[in-house]
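Just the heavy atoms: all of them, side chains too, but no hydrogens, waters or symmetry mates, feed the values below. Remember, it's 1-based here, ligands and their atoms both numbered in the order they're listed. All of these numbers come straight from a predicted model, not from anything done at the bench.
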Amino acid sequence: MSRPRLLLNAFTMNTVTHVSYGTWRREDTRQTEFHTLAPWLELVGILERGGFDSVFFADVVGLYDDFDGGWDTHVIEGLQIPNHDPSALVSALAAATEHLGIVITSSVLQDHPFSFARKISTLDHLSGGRIGWNVVTSALRNSARNFDLPDRVDHDGRYEWAEEYTEVVYKLWEGSWDDGALLRDRTRGVHADPAKIHKIDHRSARYSVEGPHLSAPSPQRTPVLFQAGTSAAGRAFAARHAEGVFINQGSPSAAREVVDDTRNRALAEGRARDDIKFFQGLTVIVGSTEEEARRKAADLDSSFSVDGLLAHRSGGIGVDLGGLPTDTPIGKLAEGVQGTRSSIEGLIRAAGGRTDVTIADFIRHKQEATRIVGAPEQVVDELERWQDAGVDGINLQYLLTPGSFSDFADHVVPELRARGLVPHEPVTGTLRDKLTGKGDQLPDSHPARRWRGAFTPTATKSG
Ligand SMILES: Cc1cc2nc3c(=O)[nH]c(=O)nc-3n(C[C@H](O)[C@H](O)[C@H](O)COP(=O)(O)O)c2cc1C
């Protein structure tokens, strides 16, 4: 059976401890050097050589909620504090690479949509159209309190905010400048055509933006839109907007359910099922034999920090799991959660719908459910199982950086190439075209496209 290409995305964060708890203490990882450029340049070199399509930077703009009554554990574990702005890294990484897509997370909380749209357009120009945006709404209380709010906005209200925010940036990216507005006509002395550049006059509950967009259209206009979050509201948002969805499902069958459901919702929104690419989060420990891989896994497990994991996850869920016995049932918590619902829902799904799952189950699930350990052929067999469930690509999580990525590039990618799952030559072009093969800009079926031409004086649509 000939298979589609498997998309490869590297998952990282401009911080010490992202999702690899406790490993920062080891000599064979560069996590503690994250604040310098050198480890990032090394990483993107490995990713390009290894045929990766993109690197994805997670980000948060505040502390995770309290663990064991406070945030000491976060500081001790380097758990996303210190944590630096990923967008500031992008132009350096773009200059050091030719083909790699660069996806950054930015919350609707942290940047006014006008300045965010300008920043992204600038980066998309500088990178030749290789930028993606992971749209997040900030589930963390402290994030909200860092940006003028008394507390976190409720779960579904955050997605409504994202709807409002995306409308503003879409108007700027898609509608403010018509195609052909930029002339650079030296002979006539006309740099751009005023008749083709428009104010957007946006007014909504939170935002009032006159425009025009200060950036001329970049190669992709709108960056490739990613989303993560699989609650009902999250899936509805993904179905309308996302071109890439990051999922962390506990099994291929759980992934299939999310993928099918979200694709069906996209169809109902007038989009095509394959307008959305799904990237499953996975950790891979590869050895030349299965025994060697298992030895590596045991060695890595000896550095694992349970407190780091629980502080991160309970902080994300918004329920303090600190100091609780590990046989405490946590399944029922999913219902009342205002933070990240997907974590507990994923655990329940993986447990066949059982809600009596405990903290110990949660720890085991987070450590093992999405981990593949084996020789290259075994790893690729597993990746094919995920692909058979409808997943388009993987979101490779590291345990050591750049070691987990170079192991994958050196030992797994040759097997992927041998099976025709990853091309031998780099896929060139913009990130959108690389992922979809359908061009640099959004398809007409995407809601952002309705703003194309909407502000031209002759248009019948209005803002
Ligand atoms: C793989 C993955 C990556 C994520 N990255 C971020 C991130 O970088 N920053 C952030 O604030 N939230 C991040 N999230 C959280 C989501 O944006 C979302 O808030 C969360 O999954 C809850 O959504 P839900 O309740 O709809 O499931 C991530 C989630 C997943 C599954």
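For atom 15 (C) of ligand 1, the candidate residues are Gly234, Ala228, Ser231; the nearest heavy-atom contact is made by Ala228. One option in Phe11, Phe57, Phe279 has a heavy atom closer to atom 3 (C) of ligand 1 than any other, and that option is Phe11. Here the shortest heavy-atom distance to atom 11 (O) of ligand 1, taken over Val19, Asp59, Thr105, belongs to Asp59.
By the 3.5 Å distance cut-off applied to N or O atoms, Tyr159 is counted among the residues near ligand 1. Close N/O approach between His155 and ligand 1 is found [any backbone or side-chain N/O within under 3.5 Å]. Considering both main-chain and side-chain atoms, Asn248 never comes within under 3.5 Å of ligand 1 through any nitrogen or oxygen pair. An N or O contact shorter than 3.5 Å is missing between Val135 and ligand 1 by distance.
A 6.0 Å sphere centred on CZ of Arg385 holds no more than 12 heavy atoms belonging to other residues, nucleotides or ligands. Atom CG of Asp151 sits in a crowded spot, with more than 12 heavy atoms from other residues, nucleotides or ligands closer than 6.0 Å.
Using a 3.5 Å distance cut-off with no hydrogens or angles, the side chains of Thr370 and Gln280 do not pair a donor with an acceptor.
Of all non-hydrogen atoms in Val319 and Ser314, the two that sit nearest each other are O-CB, 2.8 Å. Annotation for Gln31 and Thr17: closest pair NE2-CA, 4.2 Å, computed over non-hydrogen atoms.
Of the options Thr430, Thr97, Asp124, a side-chain hydrogen bond (donor to acceptor under 3.5 Å, both in side chains) to Arg130 is made by Thr97 and by none of the others.
Within ligand 1, the atoms closer than 4.0 Å to a non-hydrogen atom of Val136 are 9 (N), 10 (C), 11 (O), 12 (N), 13 (C), 17 (O), numbered from 1 in the order shown. When each atom of ligand 1 is checked for a heavy atom of Gly229 under 4.0 Å away, the hits are 21 (O), 23 (O), 24 (P), 26 (O), 27 (O). Every atom of ligand 1 is numbered from 1 in the order shown, and the set under 4.0 Å from a heavy atom of Ala58 is 8 (O).
For Tyr21 and His312, the gap between ring centers is short of 6.0 Å.
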